[in-house]
Amino acid sequence: MLKQSILAVAISTLMLTGCQSTSQSTNSKNFESTTPTSIVQTPLDFGGENITLEQAMADPDWLGRQPESALWGADSNSIVFKQKREGSVVRDLYKVTLSDNMVSSIPLSKLHTVVNRDAISSPDGQFQVYTFEGNIFTKNGITAEVRQLTFGSENVRIDQFLSNGLLAYSKGTSFFTLDVNTGISKELVNLHLVDAPKGVQEPQTLLSKNQLRLIKYIQVQHKNAKDREAYKNEVAAQNDFQFKNDFYLGKGKELVAVSLSPSGKALVVAFKDKKAERSEHDIMPHYVNSDGNIHPKAVRQRVAESTPQNTDFMFIDLEAGEQKSIDLSSMPGFDEDVLAAVKAENAKAKGEKYESKKAPRSINLIEDWAWREGVIQWSSDGSKVAMMLEAWDNKDRWLVTLNADGKSVTTQHRLHDDAWVNYNFNQFGWLHNSSTLYYLSEETGYSQLYLKPVNSKAKRLTDGKFEVSDLTVTKDDQYIYFKSNQKHPGIYEVYRVNTVTGDVNQLTDLNGMTDYKLSPDEQNLLLTHSTIMLPTELYVTSAKGGDKVKRLTYTVSDDFLNKKLIAPKIVAVKSSHTDAPIYAKVYYPADYKEGESGKTRKAVIFNHGAGYLQNSHFGWSGYFREFMFHSLLAQEGYVVMDMDYRASKGYGRDWRTAIYRQMGTPEIQDLADGVTWMAENANVNVNSVGTYGGSYGGFMTFMALFTQPDLFQAGAALRPVADWNYYNHGYTSNILNLPDVDPIAYERSSPIFHAEGLKKPLLINAPMVDDNVFFQGVVRLVQRLIELEKTDFETAIFPVEPHGFVQPSSWLDEYRRIHKLFEENLK
């Protein structure tokens, strides 16, 4: 039996079923995803004790507290990770030492000795620099000596080691260099978010001119000011200043990003007009508080009130003391009216005619939701700098390099998408030893890896119907490591590609969800791995592949392992609308016998949230409570299906963008195919099927019951979106454009416009302090249902819960209601 305590266990070498690493060298251009079988088997059920609803919804500490935020130490022999303290929100730190197979806790008095996510290594690799409580520390990878280099109350941010060996860091809008040997710090540049001082000005207005001509006191003050300014200028001219360190970006501006060159001689600065991101009415009342009063909480702006914003870019030459605006107008599509067809359609619906005109588009640094690297990247020698930009309208992404004049750019790659450019798969950077860029792009329909020398054509290193992500380039540029689902859409393994030959090696074969971190010496991989039935644990294996996988942590509780949980099967549901199948998890009833007939089974379809999320994979799901609830339902005789409907992650660009301007249409078509599949393959009565889900899944429940009212006999919508006009800009405008540009898409996609279709019982579960999907949306929809004189709905409110429930009592109350809904309406 696996042990619950990680402190008591030594590291052991583990050979999991199917976990022998392989090293399969294959030229990437021949990669094609294999045609999946209709049902892919998953691990056997285990445990003998039935799960109860009370246990499934209890504080998840009972499952075991899995390792979090694991990192390599500078010595490549130690790994640090966090673990939740039992019964507390506090995370404690632990260290795994590979050489002596020991796991140990890190005392609070030693927290300053532990590197964290912002750590960077010195050029010689001998020590790491990191911050703790806002100050800079160094740790020697050989002696483990720790030194504190800054002492202050204002937080600092480390940037990089410069080519001269000094460390660059920033504090506020000031940037500094630091000699890590002597501790001497020097200000490098100070950016001011005000207009540049104009010096002593001569009077401009009639009144001011008269004052200077008539009042001697004013004349003296004016002369004194001019004398002081002249003296200051003479001092500056006659002393050998290295460079001017004050630069002015203008009043009413705010910084977006700043990137210092490796030489420390130049900066690229991104800044924009500072404006309120929310209005006074963007508030949410919180009713249950310790003082007994209602607290108005500030919340985000709604997409309906979002307006385009543009980022300005500036190149600053620190040696010459010059700053130059960077012109982006040479980028292809810079002034293209990419929404002309959408605008024309909406104008026609209003009886108007739209005339397309070219105009500069609002351009910003791209926001990628999945990686931490900066979007302004310098080459190692500091001779070149690249930026990844996106249009405010979400239709274009550009990878550009700054020209030698510091004022213009060359476009290295443009990715255009008539729907929207993905907010994932935008990682890019420079190879360490050449003027060659690497980047991800969905231009083939799937995220693939490319190399692009600045003066020649791009080369695709991977090719196939699978996704590539999480890139790591080796120091010698020979290999790029990545994560991919090449074997099956729901299985993620670690690979590396040879940047010269294009040969791809599969390094892990664990058949689940596997993430990795390459050790500083590039000899080993730290793996974070899980399966459908077992939560995440840490492992280590050779970075070359072919070695055994060593398991580092054992954190799953005996209590969890003793529970009888039904392992879902991954099935490929035939789609009636696409050539590709719809992958889904199916939980068969405990007493199900293959080939049974009579259409006697009742069923439930679960709709995962986020829209762009994958849940029918072979790893541990973030929906672990739902996983246990589905096991409980299956034990009671239900068939449960969990579909990766169109819009889900992991299946390529076309699957992702199928919902463009029509959210709630393709997804419900896929649910209908799921019902058909269960009838044909799992003995399900189509007149005894319910559905439920939260967030985007709650939205889907609305759309299913409103637009296809005979598909399900009952549905539960949890923390649901009722009107996309009220959701945020960052997510919604990608899919539906902006409400003032494309009202057709918002009306077509928002449940509140289709509420008259409700015929079957609907349960709405709504948290009241949800700052993601506002409670206001449920309130508005309920009022509409009342006015439509609908009777088959009820609403449960949760006064203290945010979007993701926290209190076990709330989870239990919610799922008791869902269970009751299905028990009463699915016969």
Side-chain angles (χ1 to χ4, degrees), residues 250 252-257 268-279 282 300-314 325-347 354 356-370 374-376 387-400 409 411 413-426 428 441-442 612 656-657 660-661 663 724-746 749:
K253 304 291 183 180
E254 62 179 343
L255 286 177
V256 176
V268 172
V269 182
F271 57 101
K272 63 182 180 181
D273 292 335
K274 188 174 184 178
K275 66 176 185 178
E277 295 184 357
R278 53 176 300 276
S279 302
D282 290 325
R300 54 138 177 95
Q301 187 182 60
R302 294 165 292 189
V303 65
E305 296 182 329
S306 181
T307 56
Q309 188 156 17
N310 190 67
T311 298
D312 295 313
F313 297 90
M314 184 173 290
S325 293
I326 300 173
D327 181 15
L328 304 177
S329 62
S330 66
M331 298 191 312
F334 172 79
D335 58 357
E336 186 178 342
D337 186 3
V338 295
L339 282 165
V342 169
K343 294 174 182 177
E345 179 187 345
N346 278 273
Y354 175 75
S356 178
K357 296 179 181 179
K358 286 191 173 185
R361 297 157 72 185
S362 295
I363 309 295
N364 302 281
L365 287 172
I366 198 161
E367 293 185 18
D368 191 295
W369 296 8
V375 289
I376 304 174
M387 300 185 292
M388 187 168 281
L389 311 173
E390 65 177 342
W392 175 266
D393 54 47
N394 311 304
K395 309 301 182 196
D396 274 288
R397 183 195 83 178
W398 297 270
L399 180 57
V400 302
V409 297
T411 300
H413 180 255
R414 178 193 182 188
L415 177 63
H416 176 81
D417 197 310
D418 288 339
W420 76 92
V421 173
N422 201 344
Y423 43 76
N424 285 144
F425 307 131
N426 296 307
F428 79 99
S441 174
E442 278 189 318
Y612 192 58
R656 170 177 67 83
T657 61
Y660 178 57
R661 303 188 67 221
M663 297 168 80
W724 289 109
N725 286 283
Y726 285 71
Y727 200 54
N728 66 23
H729 169 266
Y731 178 87
T732 318
S733 66
N734 284 311
I735 308 169
L736 301 180
N737 304 310
L738 288 175
D740 62 334
V741 172
D742 198 0
I744 288 175
Y746 281 80
S749 303

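The first residue of the sequence shown is numbered 1, and numbering continues consecutively from there.
Without hydrogens or angle criteria, Asp742 side chain to Val342 main chain gives no donor-acceptor distance under 3.5 Å. Asp396 places no side-chain N or O within donor-acceptor distance of the main-chain N or O of Arg414, the cut-off being under 3.5 Å. With Asn346 contributing its side chain and Lys343 its backbone, the two residues share no donor-acceptor pair below 3.5 Å. Under a 3.5 Å cut-off, the side chain of Tyr423 and the backbone N or O of Ile366 do not form any donor-acceptor pair. In terms of modelled atom types and a separation under 3.5 Å, the side chain of Trp398 and the main chain of Met331 share no donor-acceptor contact. Side chain of Asn426 to main chain of Asn424: a donor-acceptor pair is present (N/O by atom type, distance under 3.5 Å, no hydrogens or angles). Distance alone, capped at 3.5 Å, places no donor-acceptor pair between the Ser329 side chain and the Phe334 backbone. With hydrogens and angles disregarded, no donor-acceptor distance shorter than 3.5 Å links the side chain of Gln301 to the backbone of Asp282.
With rounding to the nearest 0.5 angstrom, the CG atom of Asn737 is 11.0 Å from the OG1 atom of Thr732. Here the CD1-CH2 distance, from Ile735 to Trp420, works out to 4.5 Å after rounding to the nearest 0.5 Å. Atom CD of Glu390 is separated from atom CD of Glu367 by 6.0 Å, given to the nearest 0.5 angstrom. Atom OH of residue Tyr727 and atom CG of residue Leu736 lie 12.5 Å apart, to the nearest 0.5 angstrom. Rounding to the nearest 0.5 Å places CG of Asp335 at 12.5 Å from CG of Leu328. Separation of atoms CG (Asp393) and OG (Ser733) is listed at 9.5 Å; rounding is to 0.5 Å.
Side-chain contact annotation: Asn422 with Tyr612, donor-acceptor N/O pair under 3.5 Å present. Tyr660 and Asp417 are not linked by any side-chain donor-acceptor pair at a separation below 3.5 angstrom, with hydrogens and angles left out of the test.
With a 4.5 Å cut-off on side-chain heavy atoms, Tyr746 and Val303 count as touching. Using a 4.5 Å heavy-atom threshold, the side chains of Glu254 and Lys272 count as touching. Using a 4.5 Å heavy-atom threshold, the side chains of Lys395 and His416 count as touching. In this structure, the side chains of Glu305 and Arg278 stay at 4.5 Å or more apart for every pair of heavy atoms. Met663 is not listed as a side-chain neighbour of Arg661, based on a closest heavy-atom distance of 4.5 Å or more. Proximity of Asn310 to Trp392: side-chain heavy atoms (C-beta onward) are nowhere separated by under 4.5 Å. In this structure, the side chains of Ser325 and Asp312 stay at 4.5 Å or more apart for every pair of heavy atoms.
Of all the heavy atoms in Ile376 and Ala257, the pair that sits closest is CD1-CB, 4.2 Å. Across all non-hydrogen atoms, the minimal contact from Pro739 to Asn725 is CB-OD1, 3.3 Å.
Here Glu442 pairs with Arg656 in a salt bridge; the nearest charged N to carboxylate O distance falls below 4.0 Å. Ion pair Lys357/Asp337 not flagged as a salt bridge, since none of the NZ, NE, NH1 or NH2 atoms sits closer than 4.0 Å to an Asp/Glu carboxylate oxygen.
Screening Asn364, Thr311, Leu365, Leu399 against Leu389 for a side-chain contact (heavy atoms from CB on, under 4.5 Å) leaves a single residue, Leu365.
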Full working for salt bridge (charged side-chain N to carboxylate O under 4.0 Å, His left out) between Asp273 and Lys253: CA-CA 5 Å; Asp273 292 335; Lys253 304 291 183 180; 2.5 Å; yes
Stepwise side-chain contact (heavy atoms from CB on, under 4.5 Å) test for Phe428 and Met387: CA-CA 9 Å; Phe428 79 99; Met387 300 185 292; 5.7 Å; no
